[in-house]
Each structure stands twice: as structure tokens, then as C-alpha cells.
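Below, each value reflects all heavy atoms present in this structure, side chains not excepted, and no hydrogens, waters or symmetry copies. A note on names: the letters A, B, ... follow the listed sequences, proteins ahead of strands, and every chain is numbered from 1.
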Amino acid sequence: MKIFTCIKYVPDTSEAEIKLNPEGTEVDSSRFSFDINDADNYAVEESVLIKEKYGGNVTVVSIGPKESDVMIRMAMAKGCDNAIRIEDERIASHDPLMVARVLAGAIKDQEFDLVLTGCMANDYGQATTGVALAEILGVPHAAYVKKVEIEDGKVKAYRELEGGLMEVVEINLPAVLTIQTGINEPRYAPIRGIRQAQKKELKVVNLDDLGIAEGDVNAEASQITLEKLYIPVVESKAEIIEGEPEEKAEKLASILVKGGLV
Amino acid sequence: MGNVLVLAEHRRGELRDITFEMLSLAPSLAKDLGGEVMVLLLGNDLDQMAEKIAGYGVKVLVVDDPLFADYNSDKYQKVISALIDDYKPKLVMLGQTAQGVDLAPALAVEKKLPFVADVVGLEVEDGVLKATRQLYSGKVNAQIAFKPADTYLVTIREAAFEAPEPAAAGTIEKLDSPLKEDLDYRKFVEYIEAEVGDVDITQSEILVGIGRGLKEDKNLPIAEELAEVIKADLCGSRAACDAGWLPSDRQVGTSGKTVKPKLYLCMGISGAFQHVAGIKGAKTIVAINKDPNAPIFAEADYAIIDDLHKVVPKLTEKLKELKG
Ligand SMILES: Cc1cc2nc3c(=O)[nH]c(=O)nc-3n(C[C@H](O)[C@H](O)[C@H](O)COP(=O)(O)OP(=O)(O)OC[C@H]3O[C@@H](n4cnc5c(N)ncnc54)[C@H](O)[C@@H]3O)c2cc1C
Ligand SMILES: Nc1ncnc2c1ncn2[C@@H]1O[C@H](COP(=O)(O)O)[C@@H](O)[C@H]1O
């Protein structure tokens, strides 16, 4: 099995306020810690599990800055074999179709059986890149995959639908699967793996190295324009319970009891 | 002509809500674009569904063929692609659902359509189509303009728009399937029902919900002890279930359960729309989260902005006292 696994370095914005630049075109992400996108972490684990079962090789592909090398090394510490990091300012990164073209450019000339992506990146939340990538590569796909079984050149993909219902589809290899969280239990990198990862190959390339024309993936090539970002006004009807933690607890307890809610 | 083509979504003989939600958006867009609304209904054995959709005053295009007895993205793509060529709609609309995300991006690539996914707002401004979508789990909005093209493609977020009431009688037109033969590279095998657990949280009166903010499974007793005192069942966000803190049948949200308790008290849950979609039926919502900007507060009736570790044990203690 020759596997390519696409991973993205994303900011953890779950606990913090987000600030925009004055022009309202970019998020000020300087205060955030970055790490591998949630679903991609599961995709890494799944690719390593498949390799452990069927043999083969896992190549990590990521478009991102130098700082993301830490994330890529971590994926290699968990068992991925080598990596390609694409760094190029010219890519229209707000458009997942352009991102997919670049990823395809890094993969298309090599042999592959499977490409795994996360089902959705938590920063932009588009859930688009993987299926677009499949179409560009000209191979079948399945999105939102929560279980994978491989036999006889085919993959049985268990797709998660709404309400927890699963749809099982059988597709021919090579194929692209977009991996849903919860498909496995991502491992911790073993110390030995962390040491070995330093010696594995991490190629850093740009569009020219990949033979991708700038005009195919830049802001002009994109058919959409990001006009502005803004912080939405959240209308909350909530009664905010104030005070020290203990007071808040007391106030809430009495609201619940007096209101007959408990 | 600026027609709007909406793909009706259905599963196992039932139209899904997103179909009608899209019909709340489509008419005004069709008007602004100078065309009409057409709904594509693709599948097998569709008469009843076609009638129902026509009741919304739209033109229903029906492709009814055993080839489409089960959803298959590749076959669907072939049909939609052919109909785009035939009908040249200005705008094509799908749901951002497990079906739509499996289909729309490939269609966009194939037909070279400008595409925006997971749209929560869509309008025509000075002749330019503009979409609003959310970034960073709802903490930032983005306005995106489409560059001029013959056909635009969007997927619409579920439950972001309210379905309209049925209006006038529309029309139904049956079409021959543009696809004549089955495809062999992707086959539907079967559906597998969600697991049934020990507690059916869709029936619970009181629910305590936990999220990633709980941090580790060794903190579970914080929630369990509270639940015990107020006789609640435990449930959680996807993150809590993925982490293995709770079995997956306790997951609340679009890919989990839709709950309707009298009281939903949640801690360490950010309130992603996929989660919130599952708690719309809760009567009273209490949220405890240390981030004042957490989207969950938009849903809450009572909000505590604080560290759950400091507040919840005290809350449990107090409730124990009050309830004797
Ligand atoms: C196709 C698809 C389907 C999905 N379906 C579902 C679904 O059905 N249900 C669902 O829930 N999600 C679903 N998700 C995932 C969803 O997008 C979110 O990732 C998930 O809901 C986040 O869970 P969370 O709120 O627990 O974690 P986070 O978003 O990480 O939030 C953790 C919160 O805890 C708070 N916190 C941290 N520490 C503390 C503390 N000490 N005290 C108080 N607060 C604290 C933080 O401020 C933060 O708001 C789905 C995603 C996809 C792509
Ligand atoms: N910059 C990137 N580098 C590598 N993979 C990416 C990148 N952006 C998106 N992906 C992959 O595409 C998936 C879905 O992303 P999205 O369509 O943006 O929600 C992610 O989970 C990644 O696997």
C-alpha cells in the first residue's frame, strides 16, 4: 500500500477571542498555538494502521509554514515514512479547490493506492479539499469515513451519515478517503519514533519544484474572492451569572431548584 | 436566464429537512437572478416525494430510475453535470450534508464552477452573488464574492434557514436518465443503524453534557457526581465521545442524537453548530465555559463564564444541600 496523507497545521481557537487585522482581511493568529488538525490526526493514525496491516509506505503532504515541521515530524514519529511540505505564498489558500490542485500536483505523478485527508479542517471548516482532490486525481472517493476495510484491490468505506447512521460503500483502489474523527484511537509518538523521525526525509518544495503554474492556483485562478472577515455579533438571551466561582455555583443552584428545573 | 437548481435530498424514502430549508432561500435568489426555481429529484420510486416538493410552488425535475435506488455520488454527479449542460442554471444548490460534501466538490472541479461550501447567507448585490460562511467554528464570518461565471455552486448549511410553508401548486416534469449504465467503481453495500446504548438520551428529562473542556477522563467524576445529584443522564459533544469518555450513543448533534430535555446543563462545550443542532429542543440550557466568546452562550438561558473545575464541584455540593 502506497499511501499519501494530507495534514494541515491549524490554530487552536477554541478557548480564545479572535482578533482581525485592521483591514478585516486576516485573522491575527500570533497568539494561538498551532497543531495538527483534529481529523488529520485520525487520518495519520489510520494510514499507519493500514501500513502496519498491509505493509507499504506513508508519505505526509502538507501545505504550510516552516513552523509546521514539528507537526510533520510528529506524524513521522508515529510511523509515517517521509514527507513533502509545500510552502508558497502564491497559493490562494482561502479556496479549497486551489489547495486541492496543489496537493494533487504533489501526488499525481507518483504511484499511490490511497490518499487520506481529514474530513474537515477546523479553521475554515469547508470539508471540501479531499473530494475535490479525488476528482482532480481522477479516482473514486468516499467522504466522512469512520471505518476502513481493504481487500482485493477494493476498499470498503463506512461513511458516517446524519444521526449516526452508516452507509457502507465499496470503491476501487486507488481512491481518496476523507477521514472522520473517532475512526481510531490516535497513538502517542513513542520516544524511539521521535528520535527516528529526525532522520526521515522531509522535502520542502514550492510551486516551481512541483511544476505547478502559479496562474493555476493563485488568487487570480480562484473563482471566488474573499471580500472581508468580520466578527459576528452574537445575540445572546442568556442571563449571565456573575461573581466568584463559589457565588456563581450558589446562584445557579438556587435558580435550578427554585425554578423547578431539578 | 438565471435559474436556480436545487438538489432535493432524501434518504430511505424520506425527504430530508435541508431540501425545504434550501427552498426558503431559492425563490428570492431566483428572482434576483431573473429566473425560476427548479428542484432536481433524483432516485427511484419518487412520485410521492415529487408531489410534496411541487407543493412549494416550484418546478420539479424528476429522474426516476432503478440506477439511483441508492445514493451514489458518482452517479449523481453524472446526472447533475448533464442537467447543468441542458438547463444552464445560474446557481446550483446542495446541502452541506454527508451527501452534499461527498458530491459538490467533485462537481465543482469537473464543471469548473466557482464553489463556496457550508454557506449560511447568500444574496445578490449589484449583480454579484455573495456568500457568507463561518470560520473558526463560528467565531469569524467571511463574506465571499463569486467572480462572474455561467453557473455558481454552493452547499447550504443544515438548519441555518427555516423551511417555508408549502405555497402554490408547482409542476412536475419527468426526465430520462442521462446515465444509462451502472458505474462499477463505487457500489452501495448497505446501511448500518446507529448503535443502541443502555440509556436513550433522546428521552432524558435532564441531561448533563460534557465537552473537550473536561480535558481528561479522570475528570469525569466532576460531571458524574453532578448528574447523580440532579438525576441527569450524561451526554457529550463529539470531542468527548471521540476521546472515549462516553460511548458514541451519548453523542449529541448532527451526527449523534437530537435531544429535548427539560434541562440541558453543559460544561466545556464550545457550541459548534453540529452540536447545537442537536439541542434546539432543550427547554432550558445552562452553559459553563471559560471562554466568554464561546458560541454555546448564544444558545444558553443561563451562562457561567468560568473554569468548570472551580464551579461544578461547588454547584454539586450546593445542590446536594438544597435538595436535602
Ligand atoms: C461531519 C461532522 C459532524 C459532526 N457532528 C458533531 C456532533 O454530532 N456533535 C458534536 O458535538 N460535534 C460534532 N462535530 C464536531 C464539531 O465540529 C466540534 O468539533 C465539536 O462539537 C467540538 O467539541 P467540544 O465543544 O467538546 O470541543 P471544543 O470545540 O474544543 O471546545 C472545548 C470548550 O471547552 C472550553 N473549556 C476548556 N477548558 C475549560 C474549563 N476548564 N472550564 C470551562 N470551559 C473550558 C473551551 O473554552 C471550549 O469552548 C462534527 C463535525 C463534523 C465535521
Ligand atoms: N494546507 C493543507 N495542507 C495539507 N492538507 C490540507 C490543507 N488544507 C486542507 N487539507 C486537507 O483537507 C482536509 C479538509 O480540509 P477543508 O476542505 O479545508 O475542510 C484537511 O483535513 C486536510 O487533510
Side-chain angles (χ1 to χ4, degrees), chain A residues 13-18 27 97 122-128 131-132 134-136 140 143-144 156 159-172 181-182 223-232 234-236 238-241 245-246 248-250 252-257 261-262, chain B residues 74 97-98 101-102 105-106 108-110 114-118 134-137 139-147 149 185-194 206 230 238 241-242 254-256 262-263 270 284 291 293 297-298 300-306 310-311 314-315 318-319 322-323:
Chain A
T13 54
S14 67
E15 291 178 26
E17 188 185 353
I18 297 188
V27 165
L97 301 184
N122 289 344
D123 52 357
Y124 299 165
Q126 322 229 41
T128 297
V131 174
E135 182 74 16
I136 298 167
Y144 288 0
K156 235 189 205 178
R159 300 187 56 230
E160 184 185 85
L161 310 179
E162 288 77 15
L165 183 71
M166 293 276 203
E167 180 202 25
V168 187
V169 297
E170 194 176 75
I171 56 182
N172 290 359
T181 61
Q223 292 168 287
I224 55 174
T225 315
L226 181 60
E227 289 201 320
K228 64 169 186 210
L229 299 178
Y230 58 97
I231 308 290
V234 180
E235 279 171 41
S236 174
E239 176 179 335
I240 298 172
I241 300 172
E246 183 156 358
K248 288 174 179 163
E250 273 175 29
L252 178 58
S254 85
I255 289 169
L256 294 177
V257 172
L261 293 163
V262 296
Chain B
D74 297 315
T97 55
V101 298
D102 195 50
V109 169
E110 183 202 332
F115 171 48
V116 178
D118 197 22
Q134 297 191 325
L135 313 183
Y136 304 99
S137 316
K139 286 188 168 179
V140 177
N141 276 12
Q143 191 187 72
I144 297 169
F146 289 81
K147 293 184 186 170
Y185 48 85
R186 171 161 165 166
K187 287 202 170 72
F188 171 84
V189 180
E190 61 177 329
Y191 286 119
I192 298 176
E193 301 290 340
I206 304 179
I230 60 175
R238 175 158 201 137
C241 296
D242 284 347
T254 50
S255 54
K262 187 169 83 174
L263 173 66
S270 62
T284 301
D291 174 9
N293 299 108
F297 289 130
D301 299 286
Y302 297 99
I304 291 186
I305 303 165
D306 214 321
K310 292 193 187 137
V311 174
K314 285 275 179 273
L315 175 65
K318 266 287 140 199
L319 283 166
L322 288 174
K323 294 182 57 95

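B:Leu263 contributes atom CG, which lies 5.5 Å from atom CG of A:Leu261 (distance to the nearest 0.5 angstrom). A distance of 7.0 Å separates CD1 of B:Ile230 from CG of A:Leu256, quoted to the nearest 0.5 Å. To the nearest 0.5 Å, the span separating CG on A:Leu252 from NZ on B:Lys318 amounts to 12.5 Å. Distance check, rounded to the nearest 0.5 Å: NZ of B:Lys187 to CD of A:Glu170 gives 7.0 Å. Annotation: the span from A:Leu229 atom CG to B:Tyr136 atom OH amounts to 8.0 Å, rounded to 0.5 Å. The distance from atom CD of A:Glu250 to atom CG of B:Leu322, rounded to the nearest 0.5 Å, is 9.0 Å.
Looking at heavy atoms from C-beta onward, A:Glu239 lies out of side-chain contact with B:Asp301 at the 4.5 angstrom threshold. With a 4.5 Å cut-off on side-chain heavy atoms, A:Gln126 and B:Asp118 do not count as touching. Within the 4.5 Å cutoff, the side chain of A:Met166 has no heavy atoms near those of the B:Tyr191 side chain.
Counting heavy-atom pairs closer than 4.5 Å to chain B, the top-ranked of the candidates A:Val168, A:Val169, A:Ile171 is A:Val168. For the options B:Ile206, B:Asp102, B:Asp74, heavy-atom pairs under 4.5 Å to chain A are most numerous at B:Asp102. Options B:Ala108, B:Ser137, B:Ser255, B:Ala149 differ in how many heavy-atom pairs under 4.5 Å they form with chain A, and the most are formed by B:Ser255. Chosen from B:Ile144, B:Val109, B:Val189, B:Asn141, the residue pairing most often with chain A at heavy-atom distances under 4.5 Å is B:Asn141. Between chain A and the options B:Glu190, B:Lys310, B:Lys262, heavy-atom pairs under 4.5 Å are most frequent for B:Glu190. In terms of non-hydrogen atom pairs under 4.5 Å with chain A, the most contact-rich of B:Ser270, B:Ala298, B:Ala303 is B:Ala303.
Looking at A:Ala134, there are no atoms closer than 4.5 Å to chain B (heavy atoms on both sides), in backbone or side chain. Contact of A:Asn122 with chain B is made through the backbone alone, with heavy-atom distances under 4.5 Å. Heavy atoms of B:Thr284 lying under 4.5 Å from chain A belong exclusively to its side chain. Residue A:Tyr144 touches chain B through its side chain alone, counting heavy-atom pairs closer than 4.5 Å. Of the atoms belonging to A:Leu97, it is side-chain heavy atoms, and not backbone ones, that fall under 4.5 Å from chain B. Using a 4.5 Å cut-off between heavy atoms, B:Asp242 touches chain A through backbone and side chain atoms alike.
Judged as a salt bridge (charged side-chain N to carboxylate O under 4.0 Å, His left out), and not counting sequence neighbours, the contacts of A:Glu160 are A:Lys146, B:Arg238. In this structure, A:Glu235 has no side chain to side chain contact (heavy atoms under 4.5 Å, CB included) partners at least two apart in sequence or on a different chain.
Residues A:Ala253 and B:Leu315 approach most closely at N-CD1, 3.7 Å, considering heavy atoms. Contact record, B:Pro114 with A:Ile224: CB-CG2, 4.4 Å, taken as the closest heavy-atom pair. Residues B:Val101 and A:Val131 approach most closely at O-CG2, 3.4 Å, considering heavy atoms. In this structure, B:Asp291 and A:Ser14 approach most closely via the heavy-atom pair OD2-O, 3.3 Å. Across every non-hydrogen atom of B:Ala194 and A:Gly163, the tightest pair is CB-O, 3.8 Å. Smallest separation of non-hydrogen atoms from B:Val140 and A:Pro232: CA-CD, 3.9 Å.
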Side chain to side chain contact (heavy atoms under 4.5 Å, CB included), that's the test. Do A:Leu165 and B:Glu193 meet it? Break it down for me. CA-CA 5 Å; A:Leu165 183 71; B:Glu193 301 290 340; 3.8 Å; yes
After noting the C-alpha distance and the side-chain angles of A:Thr128 and B:Phe115, does the key distance pass the side chain to side chain contact (heavy atoms under 4.5 Å, CB included) rule? CA-CA 10 Å; A:Thr128 297; B:Phe115 171 48; 3.6 Å; yes
Side chain to side chain contact (heavy atoms under 4.5 Å, CB included) between B:Phe297 and A:Val234: does it pass, once the steps are laid out? CA-CA 9 Å; B:Phe297 289 130; A:Val234 180; over 6 Å; no
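In this structure, A:Lys248 contributes its side chain and B:Ile305 its backbone to a donor-acceptor pair below 3.5 Å. Checked by atom type and distance alone, the side chain of A:Glu162 pairs as donor or acceptor with a backbone atom of B:Ala98 at under 3.5 Å. Judged purely by atom type and a 3.5 angstrom limit, B:Lys139 has no side-chain atom pairing as donor or acceptor with the backbone of A:Ile18.
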